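What follows is a short report on a single structure.
To find a chain, count down the sequence lines: A is the first, B the second, and so on, and within it residues start at 1. Keep in mind it's a predicted model, so treat the numbers as computed, not measured.
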Amino acid sequence: MVRSVERMIQATSLAKNYGTKRAVDDVSFTVQPGKVTGFLGPNGAGKSTTMRMIMGLDRPSSGDVTVNGKRYAEHGAPIREVGALLEAKAVHKSRSARNHLRVLAATHGIPNSRVDEVIEITGLAPVARKRVGGFSLGMGQRLGIAAALLGDPHTLILDEPVNGLDPEGVLWVRNMAKGLAAEGRTVFLSSHLMSEMSLTADHLIVIGRGRLLADAPMADVLSGAGAARTRVRTDAPDELVRALAAPEVSITTTGPDTLEIQGAAPRDIARRALDARVLVFELTPLQASLEDVYMDMTRDEVEYHSGPVAGAEAPLESGRRASK
Amino acid sequence: MSTETQQATLPQRPRTTSGKGTSFGRALGAEVRKFTTVPSSLILLLTTLVVMVGIGALAAWGIGSVTEMAGSDPEAAAAMGDQATLADTIAPSGIMLAQLIVGSLAVLVMSSEFTTGMARATFAAVPKRFPVVLAKATLVAVIAFVVTVVSTLVSAVVIMPILSNYSLDQDFASDVFQRNLWFGAAYVAVVALIGMALGGLLRNSAGAIVTLVGLIFVLPMVLSFFANDFITDAKRFLPDAAYANLIAATPPDGGLEHWQAGLTLGLWAVIPLLVTVFVIQRRDV
C-alpha cells in the first residue's frame, strides 16, 4: 500500500509566533490514516492555530506541514483532499445553509446533488433553506461538518466538532468519525471534552502552551498514567488504613467510609482487610481516566489557571495531592 | 492487497485536477453565487437605481425651471452656458451619490468575508487566494459598470417628459451624453474596485467605507483649501478629478489630456487591487 503511506498529515518543527508570543513551539507529529487522532490541549494551547496552519490559512513562522505529501495550498483540488471544520457559523448570516454549501461546491465544480447529499447526511434538510444567522450552535456545527464532507475528502480536520451539539449529535459525530476512519480515512479532531475524546479517538496528540506533550495510542496514554488505584468502602476506615500502612502504599480519604488506595493491588487489600477483620463492602479497581492523565500532563501547561472553588473541586484536588 | 494487484484490477485513469479542482472560472462562479444569495446585494443595487433616477428627475426639474426663468433674462442665459449640452449631462446627476452606494456594496463583497468568518471557508476552498480576489474584482467592476449604465439610461428615459416640458432637448447620441454614460460607468467601476480593495486591506466594513468616502469626497475638498501649486497639480490625479476631466468634451485648460485622465483612472483601478492581492496572499486569515 505505497499510496496510503503518503496519505497523512505531517507536521515538522511547526512553529507560530504572534508578536512575541509563541503560540505553537516546534511541534512535530504525524496523523495516520485509518484511525481517529484526537488533538487535546487546554484553551490557548495552540490547537486551532495548528489546524489553521495545516489548512494553509495561517503561515507557519517556521517549520512545515503537509497533507498527503504536499502543502495544503499546493493541492489542485484542496477540498477534495482535505475537509475541515474550523469554526462553526463562520458563514454569512443572511445566506441559507444550502446556498453556503453551493458556494463552496462551486469552487470545485462539485454538483448540487452532492450538496443535497451532505445536507441529508448531516440532518440539515429541515433547515437547509433557512438563514444561517438563525441557526443554533449545534446546527452551525452540522453545517460546518457538511462543508467538510462536501468534497468527499480522504482527510478530515475537525476543530471541536461536538461543541454545542446535543447528546444525539455528539453520538452522531463520534460514529461518523469512527466510520470515516474505518474506511481508511485520516481523521484529526480536537476537543476539550475528555470523556468524548476517550470514546472517539484511537490515538492522541496532546499539546500545552504550544509544545507537544504526548503523541501515543490512547491505550498507551491511559496505561502509562501512573499506578492504578483502588476504591475501597469500609465501616472502619481508620483500622484499614492502619492495616495497609506501608511505604509504597498511599491512601486518600475521599468520603466518610471511602478510601482510594494506590500502591496495593485489590487482592492484597482484601487479604489485609481479612487479616485485620475489617468489613469491606466495595473494592473497585479504578482505571485512570483520560481526564486524570490529561490534568497531570497539562498541569504546568495551562495558560489560564482557575482559582480553587470552595467545595466542588476540593475533594478531587486534595485527593490528588495526597496520592502524589 | 498490494499496489500491483490494485492497479491490475483497477487501471488508473489519467486524472487531471483541472476537471475537479479550482480555477478562476469556478472562483468567479462561486463569487457570483455568493453575491446573488444575500439579499443586501439586490437591495443596494435597487437603491442605486432609485437614487440615480430620483436625482436625475430632480435635476431635470431644477435645471428646467432655471432655464425657463433664464429665458426671460438674457444675462442669466449667458451665464448658464451651453444649454444644448447641459441637457445631456442631467441623466447621470445621481452618480455622485450612487458611487457611494455601489462603492459600499463593493466594500462589503470583500469585508464581509472577514467580518463573518466566511474567509476561512473561502480561502480553504481556494488556498491560492488570488483567484478569489480577482473574481471579486471582476464581479464588482462588472456589476458597478452595468448598474450605472442601466440607471443612467433609465434616468434618461424618465426625465424625457420633464425636459420636453421645459423645451430642453436631450440627445442620446451626442458626444456629451455618450461620454457621461460610459465614462460615468467606468468611474463607478473604478470606485467599486477601490472599495473592494479597501475592504480587503482593512477587513472592516465601516472603516473601509469611511476611508472610501474620505478619498472620494473629503480629500478633494480638503485639498482645495490649499493654494499650493503641488497640491493643485496632485488634485488632478484624484479619481473624481479624472472622471470630471473625461466627461468634459474638451479637457480643461492646464488639466490632463483625456488619455492621461483615462490612464489615471486605470491606475486607480489596478494599483489598489494589486496591493490587496499581495496583502491577502501573505496575511493570516
Side-chain angles (χ1 to χ4, degrees), chain A residues 1-5 16 18 49 51-61 71-96 98-110 131-133 143-144 147-148 150-152 157 159, chain B residues 1-7 10 12 15-43 108-109 111-132 135 205 280-285:
Chain A
M1 297 284 274
V2 179
R3 298 192 70 225
S4 67
V5 173
K16 179 72 185 177
Y18 291 112
T49 304
M51 287 183 158
R52 283 201 304 273
M53 286 195 282
I54 297 172
M55 296 301 293
L57 293 170
D58 283 15
R59 184 182 290 259
S61 301
R71 283 188 193 157
Y72 179 80
E74 287 161 5
H75 286 286
I79 70 172
R80 292 184 195 266
E81 292 283 341
V82 186
L85 161 72
L86 291 179
E87 204 178 319
K89 296 189 80 177
V91 176
H92 199 297
K93 305 218 171 349
S94 50
R95 195 173 285 129
S96 74
R98 193 151 170 261
N99 280 327
H100 171 67
L101 294 171
R102 284 186 167 191
V103 163
L104 296 179
T107 60
H108 282 60
I110 294 168
R131 293 173 71 249
V132 176
L143 178 57
L150 198 57
D152 196 19
I157 295 175
D159 196 2
Chain B
M1 182 165 54
S2 75
T3 316
E4 285 76 18
T5 56
Q6 200 177 16
Q7 279 177 341
L10 285 168
Q12 290 236 306
R15 276 210 210 152
T16 55
T17 48
S18 64
K20 49 177 200 154
T22 58
S23 65
F24 173 73
R26 282 179 174 166
L28 184 58
E31 289 306 323
V32 169
R33 198 177 275 280
K34 270 185 203 167
F35 186 81
T36 54
T37 51
V38 290
S40 59
S41 316
L42 187 65
I43 294 169
L108 289 175
V109 162
S111 64
S112 70
E113 290 277 349
F114 298 100
T115 55
T116 61
M118 180 71 190
R120 296 253 162 89
T122 300
F123 293 130
V126 188
K128 294 201 167 49
R129 300 189 191 176
F130 70 87
V132 174
S205 310
I280 285 190
Q281 292 283 93
R282 301 184 63 84
R283 265 180 80 180
D284 289 347
V285 180

Please check if the side chain of [X] supplies one atom and the backbone of [Y] the other of a donor-acceptor pair under 3.5 Å.
| X | Y | value |
| --- | --- | --- |
| A/H108 | A/I79 | yes |
| B/R120 | A/A90 | no |
| A/R95 | B/K34 | yes |
| A/E81 | A/Y72 | no |

(message) Can you tell me which portion of A/E74 sits under 4.5 Å from chain B's heavy atoms? Options are side chain, backbone, both or neither.
(response) backbone
(request) Side chain from CB out, backbone as N, CA, C, O: work out which of these in A/R52 comes under 4.5 Å of a heavy atom of chain B, or both, or neither. (result) side chain
(message) So A/L143 and A/L101, do their side chains get closer than 4.5 Å, heavy atoms only?
(response) yes
Among the listed options [options], the residue most often paired with chain A at heavy-atom distances under 4.5 Å:
| options | result |
| --- | --- |
| B/A135, B/G117, B/P131 | B/G117 |
| B/R129, B/E31, B/E113 | B/R129 |
| B/D284, B/V126, B/V38, B/T115 | B/D284 |

(message) Let's test your reading of the structure: which of A/E87, A/M55, A/H92, A/H100 forms the most heavy-atom pairs below 4.5 Å with chain B?
(response) A/H92
(request) Kindly write out the residues that satisfy salt bridge (Lys or Arg N to Asp or Glu O under 4.0 Å) with A/R59, not counting sequence neighbours, or none if the list is empty. (result) none
(request) Heavy-atom distances under 4.5 Å only: say whether B/S112 touches chain A with side chain, backbone, both or neither. (result) side chain
